[in-house]
Amino acid sequence: MRTVHRRVARRAVVAFATVAATLLSANVARAQTSVSGVVYAAYNYNLAKDTLPADSSIGHINNFDVTRAYINVNGKFAGGIVTRVTADIFGSGVAGGAHVFRLKYAFVAWTPEHSALTYKIGATQTPLLDWEEALWDYRMQGTMPLERNGYVSSSDFGLAVDGKWSSDRVNMQAGIYNGENYSTTALGDQRKDVMARVSVRLMNTDDGSRVGGLRLTAYGQYGMPSSGGQRQRYLGMISYRSMNVTLVGEYATTKDSTTGGNTAIGGGNVGPVTSRTGRVISVYGTLHFPQTRVTLVGRVDLVDPNTADSSATFPTANMDQQTRIIAGVAYQVAPNFRLLADYDGVSFQTGAVPSSATYFGRQTLYLHAMFTY
């Protein structure tokens, strides 16, 4: 009897292994894997010689650089499963111009059959910047207003859900994330950030993409930094996008606080400052000339890192209000190759120039190049 049982068990194991191997083979056969990438290269000429007052020997800096390179490995599998791994290669800022690597995206996403929702887990896109960059379409020039000023990041580690209804008339993304962003060395602690964005199309245009049409968009973020306290971002946006015109206006408020009497946040106030409320206003747009490859690009960012302290001056934690103006002309050389010549200048409310390399290129001419493969 035992011999019979063993034979039955062996046959069951063999049968199970055969079925599993067949299913795995069929699934692998249906899998689609692709490799793609994008590169941002630039030449910059710094118009101002005095951006670092401590070093009067510095002249009009001009450099060629590869500011960013992304390598994407995408997979598509049966059952609504997709994967993505993206390497982010960027300048390290060290002598010799070395570039370093970090992981930007590494997630698996699942869209159940007939579902309007897609679930993601891993290092994935955050709700705002993925949307904003698709709308602006000129990430080659630089980061978006909130990211450029350190308030948000394009990627973080967490669990997210995307949703779209009525052919993207309503588009949503929300998630819970570490909150310390993919570019930091620490993953954070038990504190997490909740982020969400929803966009509603009010009117159709000839742009049928997910960001096309006249839209109202709202974004919110609430969480705690690893130091404790609060981290809040709220944004409202109105946008219009057609095949030839893009116009966007957005208004954002920010709040950051720490616990334990941390003095790193604050303006010109005296004594420990543990809270800071900021404001970011941005207007940007593009105008494409029909039947040509030429597009005009413009943007104005108004950033006040501490609305409660109008007297703040450098070097007190960079609380000075600033205005950034970007204006340029783009030329589409080929479907996968674009050039952009632009001016990028930032001025400060007090007229002072911070002694920080962060603002080294406060008046710069650029020639940007973007190519995909």
Side-chain angles (χ1 to χ4, degrees), residues 40 125-149 151-152 154 164-173 196-221 233-254 278-304 321-332 335 338-347 366 368 370:
Y40 303 137
Q125 300 97 333
T126 52
L128 178 63
L129 287 179
D130 179 59
W131 179 266
E132 253 195 320
E133 290 177 357
L135 182 62
W136 167 235
D137 199 29
Y138 282 90
R139 171 62 180 83
M140 60 191 295
Q141 196 284 328
T143 50
M144 301 307 297
L146 284 175
E147 183 180 18
R148 182 167 290 197
N149 291 278
Y151 293 113
V152 298
S154 57
K164 58 181 181 180
W165 297 267
S166 302
S167 300
D168 271 319
R169 183 174 295 277
V170 178
N171 187 290
M172 176 275 296
Q173 184 175 352
R197 172 196 53 78
V198 62
S199 180
V200 179
R201 186 171 63 240
L202 306 178
M203 183 181 74
N204 295 329
T205 66
D206 57 0
D207 186 330
S209 69
R210 65 187 179 116
V211 295
L214 175 66
R215 308 190 71 104
L216 284 178
T217 302
Y219 169 77
Q221 176 179 347
R233 285 90 174 90
Y234 301 104
L235 176 142
M237 174 197 299
I238 183 168
S239 63
Y240 175 88
R241 178 167 168 137
S242 67
M243 296 298 292
N244 294 315
V245 176
T246 299
L247 288 173
V248 183
E250 61 184 48
Y251 180 94
T253 62
T254 67
R279 177 178 60 227
V280 179
I281 303 172
S282 184
V283 178
Y284 50 92
T286 65
L287 174 62
H288 173 70
F289 295 98
Q291 310 302 319
T292 74
R293 300 184 180 187
V294 177
T295 302
L296 299 181
V297 176
R299 185 171 121 191
V300 178
D301 299 342
L302 306 176
V303 182
D304 187 349
Q321 296 182 48
Q322 57 179 273
T323 301
R324 181 179 296 275
I325 297 176
I326 298 170
V329 180
Y331 184 78
Q332 193 76 42
R338 177 187 290 179
L339 295 173
L340 171 65
D342 69 279
Y343 166 82
D344 187 336
V346 59
S347 59
Y366 285 98
H368 295 278
M370 167 187 164

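Numbering starts at 1 and runs along the sequence shown. Since we're looking at a predicted model, the values are computed, not measured.
Partners of R201 by salt bridge (Lys or Arg N to Asp or Glu O under 4.0 Å), not counting sequence neighbours: none found. By the salt bridge (Lys or Arg N to Asp or Glu O under 4.0 Å) test, D168 is found to be paired with no residue, residues two or more places apart in sequence or in another chain being considered. Residues that satisfy the salt bridge (Lys or Arg N to Asp or Glu O under 4.0 Å) test with E147, not counting sequence neighbours, are absent from this structure. In this structure L339 satisfies the side-chain contact (heavy atoms from CB on, under 4.5 Å) test together with V333, F337, A369, sequence neighbours excluded. By the side-chain contact (heavy atoms from CB on, under 4.5 Å) test, A252 pairs with L146, L235, V280, sequence neighbours left out. Listed by chain and residue number, nothing satisfies the ring-ring contact (aromatic ring centres under 6.0 Å, His included) test with Y151 (two or more places apart in sequence, or in another chain). Scanning for salt bridge (Lys or Arg N to Asp or Glu O under 4.0 Å) contacts around R197 gives an empty result, with sequence neighbours left out. In terms of the side-chain hydrogen bond (donor to acceptor under 3.5 Å, both in side chains) criterion, residue partners of S199 (sequence neighbours excluded) are, by chain and number, R215, T217. Qualifying side-chain contact (heavy atoms from CB on, under 4.5 Å) partners for V283, counting only residues two or more places apart in sequence or in other chains: none. For T253, the side-chain contact (heavy atoms from CB on, under 4.5 Å) criterion is met by Y234, Y251, not counting sequence neighbours. Listed by chain and number, the residues in a ring-ring contact (aromatic ring centres under 6.0 Å, His included) with H368 are Y366 (sequence neighbours excluded).
There is no side-chain donor-acceptor pair under 3.5 Å between E133 and Y138.
The minimum heavy-atom distance between S242 and D206, with the atom names listed, is CB-OD1, 3.2 Å. Nearest heavy-atom pair across M144 and L129 is CB-CD2, 3.8 Å. Across all their heavy atoms, T246 and L135 have their closest contact at CG2-O, 3.8 Å.
Here R324 pairs with D344 in a salt bridge; the nearest charged N to carboxylate O distance falls below 4.0 Å. Remark: D130 engages R210 in a salt bridge, criterion side-chain N to carboxylate O under 4.0 Å.
Screening residues 237-249 for salt bridge (Lys or Arg N to Asp or Glu O under 4.0 Å), with sequence neighbours left out, gives D207-R241.
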Fill in: Derivation of the side chain to side chain donor-acceptor pair (under 3.5 Å) call for E132 and Y219
CA-CA 11 Å; E132 253 195 320; Y219 169 77; over 6 Å; no

